[in-house]
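What follows is a short report on a single structure.
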Amino acid sequence: MTVIESEGLTPCCRSSAIVSVEQLTKYYDDLRRGRIVAVDGISFSASPGEIFGLLGPNGAGKTTTLRILSTLLKPTAGRVLINGYDGLTQPDQVRRSIGFMSVNTAVYDRMTAWEMVEYFGMLYGLDRQELRDRMERLFDRLKMQEIRDLLGSKMSTGMKQKVSIARALVHDPPVLIFDEPTAGLDVLVARALLTTIAELRDQGKCVIFSTHIMREAEKLCDRIAILHRGQILAMGTLEELREQSGENDLEELFFQLITEAERKRADRAS
Amino acid sequence: MMTWRNIWIVFAREIRDQLRDRRTIFMVAVLPVLLYPLLGMIFFQLAQVMGEKPSRILVIGAREPLEPPLFDETGFVSSVFVSPQDAVLLKVEFLSDEVLKARAGSASEDPGRALAEEALRTEHYDAVLYFPPGFAAQLADFREGIRQQIAAGLSSEANSEAKPGSEKSPEEAGEDASQKQQPTPRTVVVSRSAIPSPRVYYSTANDRSQTAYRRLVELLDRWTDQVMVANLAAARLPPDAARPFVFETADVAVQSGFRGAAVWAKILPILLVMWALTGAFYPAVDLCAGEKERGTLETLLSSPARRSEIVLGKLGAITVFSMVTAVLNLISMGLTGWLAFGHLPDFAAPPLFAIFWLAVALLPVSLVFSCLALGIAAFARSTKEGQYYLLPLLFCTLPLVGVPMARGSELDLGTALVPITGLVLLLKTMIEGQMTEALRFVFPVGLVTLGGCYFALRWAVYQFNSETVLFRESERFHLVAWLRHIFRQRAVPSGAAALTCGLAILLMRFLLTNILTRIGVSWNLVQQALISQVVVILLPVVVLAALLTREIRATFLLRLPSWRAVIGAVLLAVMLHPAFFTWQQVIVRLYPLDPVLKESLKQLTGQALDLRQLLLVMALLPAICEELAFRGFILTGFRSSLRPTHALIFAALFFALGHTILQQSMVAFAAGLILGVIAIQTGSLLPCVIYHAIHNGLLILQGSLGQSRWVSDPWIKAMMTWTDEGPTYHLSVVVFGILAAGLIFAWMISRPEVLRSYLAEEETGSH
């Protein structure tokens, strides 16, 4: 069993790429554990009309990577280009180019769905009339008209998820970043959400999507990077991954890759 | 670019959000409206229950009847009370003669006294009134003496008229008279010392006892007056003879509408400050820590709104709530007060202009606390953690607010420069109607207040930018791990280390000064300088540097400077000397030194030291120690965490605070800025030490100039004029010095090759 080298499968900067990440590294210092390497020199890229999946166990560095992509964290080393803008030097333009939805789908408790989406639309500098038209279309499309005037505190998790998606889409960004969007959702809502994400891809959006659920990655993602301890163990389309490893089942493949990596680590340590 | 649109959007959202929050509305609007009527009600209910309790008084040794009478069978006679109802408030018990007699056999010479102390100690009585044995008889004798003397005087006058030439003093005459007229002659002494003093025993440790004492003294005063009237009658004088007139008092404030201003001037600012703080704190915690806790902050930060826009929008909302809270509280309190006490004659509504100044002060006061609360709330991880910080903040603020309320504290340069205290005092002075006095301090108070706001805001923005603060997970605090983490982990000190060092120096100075005063050691100038430089300044710096940093050279800027920097430092110090000397004079003229301080300074510097010693101790030693601390450790530390300008200001601020005398601190602040710039530009400590030593040295030389023959030197004469107060530089010299210093500085920091090419261009241009 060979570990698939990430560079071997995809060139890190394809000409069509709208998101490109080069040698991204993030450390932070912890009092007890010393220096923690959350992301360890990863590179990948994604194109419009593509869903790029970051698949990895908890603590693999998915959230850190996505936070760096959305300019919430600054990388220790490496570079992020989104829509041609550098995450370090042009964070404002990067933020205008992305719609970010974090793990804990946070919705303001004391705002209605409409107010919340409108608030962010205004922060993106949208004109009032244009914003209203766009929101009407968005609320129709996401079937949110009935929760329009519902306060955040009264919403179910599914409703909150919808509001978050509407909020991420309100300025019509070319890149969408979803950090474990299905966490905590029931099957029906999760399925509806995945359908929406697929639709977004079909509209030509580039979607970066993180999950630890194999089935989701298998069904949805055009390309997958398997992340473990801040490193990409394997990357490619599902077919490419299967071909390289000779293993048909993604879960099995994932498990093998991680066991292999852990064994190598233990060897190095001893 | 920061846009007002985004600030407004954030502001409007936060206001709407808070208005929908039940807790905020309760704190800001409902509580104040309900609180004061409720407090008023409770006060009246309690007043009914509590009332005035009677004091229990034990009277010892008053069995013999006094004249005029003080006691009847049940207690004090009614004539010693202003209104007869007051008699109820004093319950009198007489110690029976048997007890006294039983004690008379004991060793004590005066059994009454021992009994009195015992009666108080066992706490059955609130006060004891003790009359020594024979008091009544002595008093009667005293009066009798007066009467006889007067009678004798009158008769001797009659006698002397009958027998002219006899020269007898009144005493002798009195004796004569008594010998003649009294059937049983006895010695009469008209002297106060002959009457043993009665005593009131009470205890200041006990509130009830103090009340009893107050009541008793009032009553005994009136009785003493009666005694006086009786004595006057004995001397055949009219009762008003001892007090032919009384002083009338007139309060001009009543006519000018300033009535009650003094009370309001104390109460209103403190209320304003406390409510502005409370009103700012809860919304701040909800808007920052709360948003972090609920996870919405991450979403907000990934929007294109800039951090500073978000912070300013939030600040606006917090300030509005702080102001509304303060206003509602003051209105509610005012209305309740007016309803409850409005009918009392002593009550005066706050004057209109007081309310006007309060309204003017509302915005800056609210702004200060909003900035502070915002900074703290941004630091807190959760609302719970945020609320933990309220109490320490209140405790830090209370003394700052309390000091101005103390009797005798006034607005002066020192208090004006203390954050919050200055603001409260300024407001107090304005409410008291002393406008000219207040206007003098508007600038320093405003500077400190706005400076405080600015840095609190920068702190908040910094925290919104800081990953460790934003995504801080609750980790367990581990002391050993933390110590290992800070021990020599960094090459140069951090900003926090610089702050610690600055505070350590201030603390050392405070402790040492007080300990030395407590022990009662008086040091001479040399010892004082050594202690204050080596122990107070150098010791904390060296210890912290050894513990926290790895690279001593980088920390203390121990690099060889260019010759240009050295010469530049010498010239700069010389050229800026007239400016500094004048600046010092201006400060002392504007804000004169405390006379006591001036005297002790004079004594200290007047000690016989020759000039060389003085220069060594007051110029060279401070130059080395203070530069190592303030331009070495502290400035390097601040520079590693802050932008250069902020680092410069903070290092200079600590340098200024390190000088205990305020007027000196103001000069030191300016000098600190210049020294900081030299340190940053030359990257070496040596030019700073040179500049500092020459700066101090020239000021010392200038001080000793008066005694020397140099005064008549034509150069000196050309530069300065001499008055009674000492020398003053001509303005032209000061201006020239500053301009020259500017040029020298430019030359000092310019790179030689740039200068050379510039000169080359000049040359070619001129040819």
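Lettering of chains follows the sequences in order, A, B, ..., and the numbering in each one begins at 1.
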What do you reckon, is OH of B/Tyr388 surrounded by more than 12 foreign heavy atoms closer than 6.0 Å?
-> no

So do the side chains of B/Glu291 and A/Tyr108 get within less than 4.5 Å of each other, counting heavy atoms only?
-> yes

Toward chain A: residues of residues 12-20 of chain B with heavy atoms under 4.5 Å = B/Arg13, B/Arg16, B/Asp17, B/Gln18, B/Arg20

Verify the neighbour count for atom CZ of B/Phe455: are there more than 12 heavy atoms of other residues, nucleotides or ligands below 6.0 Å?
-> yes

Within-4.5 Å side-chain heavy-atom neighbours: B/Val10 and A/Leu123 = yes

A/Asp109 side chain reached by B/Thr296 side chain, heavy atoms, under 4.5 Å | no

Close approach to chain B in residues 146-156 of chain A, criterion heavy atom under 4.5 Å = A/Leu151

Over all heavy atoms of both residues, which pair between A/Thr71 and B/Arg307 is shortest? Give the atoms and the distance, please.
-> O-NH2, 4.2 Å

Heavy-atom neighbours of B/Trp8 CH2 exceed 12 at 6.0 Å = no

Select one option (side chain, backbone, both, neither) describing which atoms of A/Phe120 are under 4.5 Å from chain B's heavy atoms.
-> side chain

The interface call for B/Arg22 against chain A, heavy-atom contacts under 4.5 Å, is neither

Near A/Tyr124 OH, under 6.0 Å, is it more than 12 heavy atoms from other residues, nucleotides or ligands?
-> yes

Who wins among A/Arg95, A/Arg110, A/Met111 for the most heavy-atom pairs under 4.5 Å with chain B?
-> A/Arg110

